[in-house]
Amino acid sequence: MPAHPGLSIRGAQEEDPPDPQLMRLDNMLLAEGVAGPEKGGGSAAAAAAAAASGGAADNSIEHSDYRAKLTQIRQIYHTELEKYEQACNEFTTHVMNLLREQSRTRPISPKEIERMVGIIHRKFSSIQMQLKQSTCEAVMILRSRFLDARRKRRNFSKQATEILNEYFYSHLSNPYPSEEAKEELAKKCSITVSQVSNWFGNKRIRYKKNIGKFQEEANLYAAKTAVNAAHAAAAAVQNSQANSPTTPNSGFQMKDEEFQLDSAESKNTLLSNMFTGGYPAPCYQSDGRIQ
DNA sequence: GTCAATGATTTACC
DNA sequence: GGTAAATCATTGAC
């Protein structure tokens, strides 16, 4: 920019009071890693997305997808911002040149120049604000897509479901795993503890609602557990270790309440299984409590 | 495309 | 804070 006494655009730029809305937008863009220095494509936001989705390791593809899209937004934002700044400077220079031309034919006060530059900058600021606003919106949409866990729900692996079902049906009298048991199950199933809690919450309520429907499944897992128990017993006999007698489960109880086996058929089958060996024996914890 | 199954979330309760 | 119950949203079989 050519030096010209009294014709500087700096003054007007610095006198503008900070717009609170613009500051909010700037802060958000900074926090999301769109504005400011490159932070690995908004790794903070990606980490937030990971935390919100349960932290499972199975969504690394989604994360890289998220980062890629955020980088895209960042690139577009910076390109557009540069374009606006360049256009603003060019236009200001152009106006300054015109004023300089005019100053040959009429006196132009510094105040008038300042006013003109101010008008130009305000106009470009409002355009910049629109750009920042739409960038924020794009980031919000992107985040909502990746943060909404329901959108990227994945069914658990067959093995994980088997492990959970085995535990559920072998603890049918009290299907409330302790915190330690939940952690153990989570580890075995490669899911989070809260996912284990969710699974048991869903299972308990769905089992209770329709015991008949789950009868086949219950029998299947009961048989499975019985086979496992038989193998364990055989191993124990081999080791000449006497087993203490077990007591059959008294029935499914919801928390603090006797669980109603409202289907007589279900109850009969379950009871029949319990006493014919098809139904699993209660599982004792290390402290002797029935789980 | 439909529909049942299923994982996640929300709300209310204790 | 943990759970029951209702509900939402996606998946997967058909």
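Throughout, a chain's letter reflects where its sequence line sits, starting with A, and its residues are numbered from 1.
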Problem set entry | Protein-nucleotide distance (A:Arg153, atom CZ; B:dA8, atom C1'), rounded to Å | 8 Å
Exercise. Is A:Lys182 near enough to C:dT3 that one of its side-chain N or O atoms lies under 4.0 angstrom from OP1 or OP2?
Worked result: yes
Exercise. Just to confirm, is there a sub-4.0 Å distance from OP1 or OP2 of B:dT6 to any side-chain nitrogen or oxygen of A:Lys203?
Worked result: no
Problem set entry | Interatomic distance where CG belongs to A:Leu164 and C1' belongs to B:dA5 [whole Å] | 15 Å
For this session: Please determine, for the side chain of A:Glu179, which listed nucleotide (B:dA8, C:dG2, C:dT3) has the closest atom?
Result: C:dG2
Exercise. Which one, B:dG7, C:dA6, C:dA4, comes nearest to the side chain of A:Lys209?
Worked result: C:dA6
Exercise. Whole Å only: how far is the CZ atom of A:Arg204 from the P atom of C:dA6?
Worked result: 15 Å
Seminar exercise, completed: Whichever of A:Asn155 and A:Gly201 has the more 5' nearest nucleotide on DNA chain C, that residue is A:Gly201
Exercise. Which part of the nucleic acid does A:Phe200 contact within heavy-atom distance under 4.0 Å: base, sugar-phosphate only, or nothing?
Worked result: nothing
Problem set entry | Spacing of A:Lys158 atom NZ relative to B:dT6 atom P, expressed in whole Å | 12 Å
Exercise. How close or far is atom P of C:dA4 from atom CG of A:Asn210, stated in whole angstroms?
Worked result: 17 Å
Exercise. Does the side chain of A:Arg206 get closer than 4.0 angstrom to OP1 or OP2 of B:dA5 through an N or O atom?
Worked result: no
For this session: Identify, with sequence neighbours excluded, every residue that meets side chain to side chain donor-acceptor pair (under 3.5 Å) alongside A:Glu90.
Result: A:Gln86
Seminar exercise, completed: Regarding the side chain of A:Asn202, the nearest nucleotide among C:dA4, B:dA5, B:dT9 is B:dT9
Exercise. Should A:Lys188 and A:Glu166 count as an ion pair when the cut-off is N to O under 4.0 Å?
Worked result: no
For this session: Please check the phosphate of C:dA5 (OP1 and OP2 only) for any side-chain N or O of A:Lys208 closer than 4.0 Å.
Result: yes
Exercise. Within this structure, what is the CD-to-P distance between A:Glu216 and B:dA5, rounded to whole angstrom?
Worked result: 12 Å
Exercise. When you look at A:Glu217 and A:Lys203, which way does the salt bridge (charged side-chain N to carboxylate O under 4.0 Å, His left out) test go after all the steps?
Worked result: CA-CA 12 Å; A:Glu217 189 178 77; A:Lys203 190 72 182 181; 2.5 Å; yes
Seminar exercise, completed: From the candidates B:dA5, C:dA6, B:dA8, the one with an atom nearest any side-chain atom of A:Asn198 is B:dA8
For this session: Give the rounded distance in Å between these two atoms: CG of A:Asn174 and P of C:dA4.
Result: 10 Å
Seminar exercise, completed: note: A:Phe156, atom CZ; B:dT6, atom P; distance rounded to Å ~ 11 Å
Exercise. Does a sphere of radius 6.0 Å around NE2 in A:His78 hold more than 12 heavy atoms from other residues, nucleotides or ligands, not counting ones at 6.0 Å or beyond?
Worked result: yes
Exercise. C:dA4 phosphate, OP1 or OP2: any side-chain N/O from A:Tyr176 under 4.0 angstrom?
Worked result: yes
Problem set entry | Candidate pair A:Glu112 and A:Arg115, rule salt bridge (charged side-chain N to carboxylate O under 4.0 Å, His left out), full reasoning | CA-CA 5 Å; A:Glu112 191 181 341; A:Arg115 197 177 62 85; 5.4 Å; no
Exercise. Within less than 4.0 Å of OP1 or OP2 of B:dA8, is there a side-chain N or O belonging to A:Gln195?
Worked result: yes
